[in-house]
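Worksheet: the structure to be examined is printed underneath.
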Amino acid sequence: MKQTTLKDHLLFAMPSIGDPRFDRSVIYMLAHDDEGAMGFILNRPAEGLTLEDIGSKLPASVGQSGLKNLPVFIGGPVQGEQGFIIHSADYPPQTPIVQEETLVGVTQSLEILIDAAQARGPQHMRLLLGYTGWGPGQLEGELQENAWLTCPANLQDIFTSKPKELYAACVQRLGFDLALLSNEGGEA
């Protein structure tokens, strides 16, 4: 039986998630298969932190551009000291982490910042520290426990200019009030 993939979907945490690291989180799922899953929290800006604050050795062209003010987001608790850039697919990633076709690309290469500073970069990009990850079957177990809801992702959600409003927008899109949902799963 083929596993259903949540690649290119959003996960958003149920109120009963029980883990403050994911409270009201919206996660873009970059990869999901029988080996596990990987994604990035989209709605957790690192308050007041910019590329200039974390990039001690930025190339001069980047440091002298408006990119130095690019906000930093907390992508998840795994490898929180590692920087990732997710970007629209109009830019070929230099060091792709995921080889298959997705809504976005992801890279850790400074080349994308240099290109963006010279107006050759992607239309959209977001700088994140860390990522979210699940081992084989772990996410499926959490879904079965009603820890997450899902919906298909789109570029407007991934690169929203109002990340703090993304959770409410996702809930509203599904058309229900989370306060009225049961935290208990059931079987038909």
Side-chain angles (χ1 to χ4, degrees), residues 3-17 19-33 36-47 49-51 67 69-80 82-93 96-108 112-113 116 121-134 139-140 142-143 146-181:
Q3 176 182 338
T4 301
T5 183
L6 292 174
K7 180 174 117 12
D8 288 333
H9 279 70
L10 298 178
L11 290 183
F12 48 105
M14 289 286 286
S16 62
I17 190 92
D19 186 337
R21 299 174 301 171
F22 296 111
D23 185 46
R24 297 182 60 84
S25 288
V26 178
I27 299 172
Y28 168 69
M29 296 303 298
L30 182 70
H32 180 221
D33 58 28
M38 177 186 183
F40 295 100
I41 299 173
L42 298 175
N43 63 332
R44 186 99 5 106
E47 298 299 329
L49 198 59
T50 65
L51 174 62
L67 283 178
N69 298 320
L70 186 68
V72 176
F73 286 75
I74 304 302
V78 181
Q79 294 185 359
Q82 292 290 313
F84 298 88
I85 298 172
I86 58 173
H87 58 85
S88 49
D90 59 342
Y91 181 83
I97 293 172
V98 176
Q99 300 291 329
E100 59 208 41
E101 190 174 319
T102 62
L103 281 174
V104 301
V106 63
T107 186
Q108 291 183 296
I112 192 171
L113 297 174
Q123 183 176 359
H124 303 285
M125 66 181 181
R126 177 156 292 166
L127 175 59
L128 304 118
L129 292 176
Y131 66 92
T132 58
W134 294 264
L139 179 57
E140 291 77 7
E142 291 179 14
L143 288 164
N146 292 330
W148 303 99
L149 291 172
T150 68
C151 68
N154 61 55
L155 289 179
Q156 292 78 25
D157 291 333
I158 296 168
F159 298 106
T160 181
S161 62
K162 298 178 181 179
K164 291 184 177 184
E165 297 173 16
L166 184 57
Y167 185 84
C170 289
V171 170
Q172 183 177 13
R173 186 176 315 143
L174 291 180
F176 54 78
D177 182 351
L178 281 179
L180 300 177
L181 289 181

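Any value given below was found using the heavy atoms of this structure, including those in side chains, with hydrogens, waters and symmetry copies removed.
- Counting heavy atoms from C-beta outward, Val72 and Leu128 have side chains that stay 4.5 Å or more apart.
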* Decide side-chain contact (heavy atoms from CB on, under 4.5 Å) for Cys151 and His9; before the verdict, give the C-alpha distance in whole Å, the side-chain angles of both, and the deciding distance to 0.1 Å. => CA-CA 6 Å; Cys151 68; His9 279 70; 5.9 Å; no
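- Salt bridge Glu165/Arg24: absent, no basic N to carboxylate O contact under 4.0 Å.
- Counting only heavy atoms from C-beta outward, the side chains of Met125 and Leu113 approach each other to under 4.5 Å.
- The backbone N or O of Gly39 sits less than 3.5 Å from a side-chain atom of Thr132, completing a donor-acceptor pair.
- With 3.5 Å as the limit, one finds a donor-acceptor pair spanning the side chains of His32 and Glu140.
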* What's the verdict on side-chain contact (heavy atoms from CB on, under 4.5 Å) for Gln108 and Gln82, showing C-alpha distance, side-chain angles and the deciding distance? -> CA-CA 8 Å; Gln108 291 183 296; Gln82 292 290 313; 3.3 Å; yes
* To do: Output, in order, the C-alpha distance, side-chain angles, deciding distance and verdict of side-chain contact (heavy atoms from CB on, under 4.5 Å) for Leu70 and Thr50.
  => CA-CA 5 Å; Leu70 186 68; Thr50 65; over 6 Å; no
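- Here OG1 of Thr160 is found 12.0 Å from CG of Leu155. Values are rounded to the nearest 0.5 Å.
- Using a 4.5 Å heavy-atom cutoff, the side chains of Tyr131 and Ile41 are not in contact.
- For the pair Ser25 (side chain) and Ile27 (backbone), a donor-acceptor distance under 3.5 Å is absent.
- By the 4.5 Å heavy-atom criterion applied to side chains, Met29 and Leu10 are not counted as neighbours.
- The distance from atom CG of Asn154 to atom CD of Gln156, rounded to the nearest 0.5 Å, is 4.5 Å.
- Using modelled atom types, no side-chain atom of Tyr91 and backbone atom of Ala116 make a donor-acceptor pair closer than 3.5 Å.
- Listed here is the closest heavy atom pair of Val106 and His87: N-NE2, 3.8 Å.
- The residues Asp157 and Arg173 are annotated as salt-bridged, a charged nitrogen and a carboxylate oxygen being separated by less than 4.0 angstrom.
- Checking side-chain atoms of Arg126 against main-chain N and O of Leu42 turns up a donor-acceptor pair under 3.5 Å.
- For the pair Leu103 and Ala153, the tightest heavy-atom approach, listed with the atom from each and the gap, is CD1-O, 3.5 Å.
- Ile112 is listed as a side-chain neighbour of Pro122, based on a closest heavy-atom distance under 4.5 Å.
- Within the 4.5 Å cutoff, no side-chain heavy atoms of Pro152 are placed close to those of Asp8.
- One distance of note links CZ of Phe22 with CD of Glu142; it measures 7.5 Å at 0.5 Å rounding.
- Asn43 places no side-chain N or O within 3.5 Å of a backbone atom of Leu166 that could act as its donor or acceptor partner.
- Side-chain contact between Phe12 and Thr150 is absent, with no heavy atoms from C-beta onward closer than 4.5 Å.
- Remark: the backbone N or O of Ser88 is not paired with any side-chain donor or acceptor of Gln123 at under 3.5 angstrom.
- Looking at every heavy atom in both residues, Gly83 comes nearest to Leu129 through CA-CD2, 3.9 Å.
- Checked options Phe73, Phe84, Tyr28; the residue passing with Phe40 is Phe84 (criterion: ring pair (Phe, Tyr, Trp, His ring centres under 6.0 Å)).
- Side chains of Met14 and Leu149 form a contact here, defined as non-hydrogen atoms less than 4.5 Å apart.
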* Evaluation steps, side-chain contact (heavy atoms from CB on, under 4.5 Å), between Ile158 and Ile86 -> CA-CA 9 Å; Ile158 296 168; Ile86 58 173; 3.9 Å; yes
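- In terms of heavy atoms, Pro20 sits closest to Arg44 at O-NH1, 4.4 Å.
- In this structure, Gln79 places its CD atom where more than 12 heavy-atom neighbours from other residues, nucleotides or ligands lie under 6.0 Å away.
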